[in-house]
2 protein chains.
Amino acid sequence: MSSGQSQTPSAEAQAHHYDPSKYERPSVTVDVVMMSIRQSDLQVLLVKRRSWPYEGMWAIPGGFVHIDESLEDAAKRELREETGVQDVYLEQLYTFGDPGRDPRMRVITVVYYALLDSERLQVRAADDASDVGWFSMYNLPELAFDHAEILAYTLQRIRGKLEYTTIAFNLLPEQFTLRELQRVYEIILHRKLDKRNFRKKILSTGILEDTGAKKMEGTHRPARLYRFNPAAVARQ
Amino acid sequence: MSSGQSQTPSAEAQAHHYDPSKYERPSVTVDVVMMSIRQSDLQVLLVKRRSWPYEGMWAIPGGFVHIDESLEDAAKRELREETGVQDVYLEQLYTFGDPGRDPRMRVITVVYYALLDSERLQVRAADDASDVGWFSMYNLPELAFDHAEILAYTLQRIRGKLEYTTIAFNLLPEQFTLRELQRVYEIILHRKLDKRNFRKKILSTGILEDTGAKKMEGTHRPARLYRFNPAAVARQ
DNA sequence: CTATTTTAGCGTCAACGAGACACGCATTGT
DNA sequence: ACAATGCGTGTCTCGTTGACGCTAAAATAG
């Protein structure tokens, strides 16, 4: 760690009192934990590293923050580059910056997570490169850097938010059945929920709107299709 | 999006074999929102700016992250420099990094907040400089940069955490009465609480330990002194 | 066309937690 | 002793949560 960096005393000569060019600057990246429900599982998109360090291991996709780009824009850019999708739920998770977390240099990474509607994702599902893949959050490969810690924290966070926000809807297409919604909850919380209590609770909040349509699938009674009604203002 | 940047050949290559020395790097600071209960009020420590930009306005104390220092260590250092206290509750709040939030240059700031025991604080209460001061979170002066936004977010966050964590104890000395604890809750939530319900709720959790001692103050019946019992493992 | 299979959809009861609410108790000062 | 002050306590109601089993509607197989 703390290798001798080539410092750029570049653009900002205008700094008045404190002069930041005196300081050796860390690099700043954004990493984006992109998750989706796939194969009845909570999965995350990872990329395989091609070079040192951690060559051959899997990592959370990320990259440098451009100098004129907001952190969120950088995260959106990563998201677009990896999945092609836009307008997804994206939220800042935490910033990891221990010296030594990257053996090459000091890197501070601002981590975002994204929840992807599995349906819209199909479009680009066939990613060309074999060095990009979806993995179960419950059965991860060996991960580069401190990425295992980051994913553990991500899971903890979305579990917490599941209960008092509407983030679950971001993992479903516009229309969905109550059972599908329940499955999202079950997969993230990693435990079975009672069907009747779940329906009662969700419906009582009024955040669902009956579309009138039904979804027929398999050899059984068809299910009503609902849609999320954002008019209900749960706390963020 | 359109980043008209000079740098970056293929924004993607960086993810794998990145050569950071090619990129213009943002500066990284930590800001620390130090809060304490003073004069029956939730107050925050601010410093007055002496120079451009926002000269004369108040700001959250902060500074550059040293190249070999973790973010949390940097926050602790700030805390120590401003208040002289150590071993306080410190938690990362959020990272703010919009380009343009600092007119001098691109600054990404990782914000921490600290909750200070008002008693231990007395020690250094008489801060020499008149350009450091405590302000009510409910009656803030005009603030530099995006610091008003940061404080608003801080308040929102500690209110949320108050309900399912034990952060309130960090604002009190080791021993305290139930009434004092209730006042901390009332001040942060900014509303009156029912005394009996509050006592019932807190005591039922078992996180308080009766010290046996009593606190006599004023012309009335003395109050029992309690101490926080960390053996109760509420979720973080 | 009948039977079987499969999931959708629904109601009750018990336990618990949250919130509203009023008065005697222990101390100090006069 | 008595006035003033804040400490300390219990009950009831109401809404929420969780446990629990049966009928309904469709498809398929025979």
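Letters A, B, ... mirror the listed sequences (proteins, then strands); counts begin at 1.
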Output the rounded distance in Å from [atom1] ([X]) to [atom2] ([N]).
X        : N      : atom1 : atom2 : value
B/Lys195 : D/dT9  : NZ    : P     : 10 Å
B/Met216 : D/dC7  : CE    : C1'   : 13 Å
A/Arg224 : D/dA25 : CZ    : P     : 12 Å
A/Asp194 : C/dA8  : CG    : C1'   : 14 Å
A/Gln182 : C/dA8  : CD    : C1'   : 11 Å
A/Lys201 : D/dG18 : NZ    : P     : 6 Å
B/Asn197 : D/dG8  : CG    : P     : 16 Å
B/Lys215 : D/dC7  : NZ    : P     : 10 Å

Candidates D/dC20, D/dT28, D/dA4 - which lies nearest the side chain of A/Arg196: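 The listed nucleotide nearest to A/Arg196's side chain is D/dC20.
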Assuming nearest nucleotide by heavy-atom distance, tell me which of A/Leu203 and B/Pro222 is located more 5' along DNA chain C.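 Final value for this comparison: A/Leu203.
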Take A/Arg199 and B/Lys200, find for each the nucleotide of DNA chain C with the closest heavy atom, and name the residue whose nucleotide sits nearer the 5' end.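 Final value for this comparison: A/Arg199.
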For A/Phe176, which of A/Leu208, A/Val184, A/Asp117, A/Leu171 qualifies under side-chain contact (heavy atoms from CB on, under 4.5 Å)?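 With A/Phe176 as partner, side-chain contact (heavy atoms from CB on, under 4.5 Å) holds for just one option, A/Leu208.
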From A/Val111, A/Val65, A/Val110, A/Val107, residue fulfilling side-chain contact (heavy atoms from CB on, under 4.5 Å) relative to A/Thr29: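 Passing option: A/Val107.
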Below 4.0 Å: OP1/OP2 of D/dT5 and any side-chain N or O of B/Arg221: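 So the side-chain polar atoms of B/Arg221 never come under 4.0 Å of the phosphate oxygens OP1 or OP2 of D/dT5.
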Phosphate oxygens OP1/OP2 of D/dC7: is one of them under 4.0 Å from a side-chain N or O of B/Arg179?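 So the side-chain polar atoms of B/Arg179 do come within 4.0 Å of the phosphate oxygens OP1 or OP2 of D/dC7, strictly under.
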Using the salt bridge (Lys or Arg N to Asp or Glu O under 4.0 Å) definition, which of the options A/Arg196, A/Lys192, A/Arg191 pairs with A/Asp194?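 Checked A/Arg196, A/Lys192, A/Arg191 against A/Asp194; only one passes salt bridge (Lys or Arg N to Asp or Glu O under 4.0 Å): A/Arg196.
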Aromatic ring pairing A/Tyr138/A/His190, orientation class (parallel under 30°, perpendicular over 60°, tilted between):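 Because their plane-to-plane angle is under 30°, the rings of A/Tyr138 and A/His190 count as parallel.
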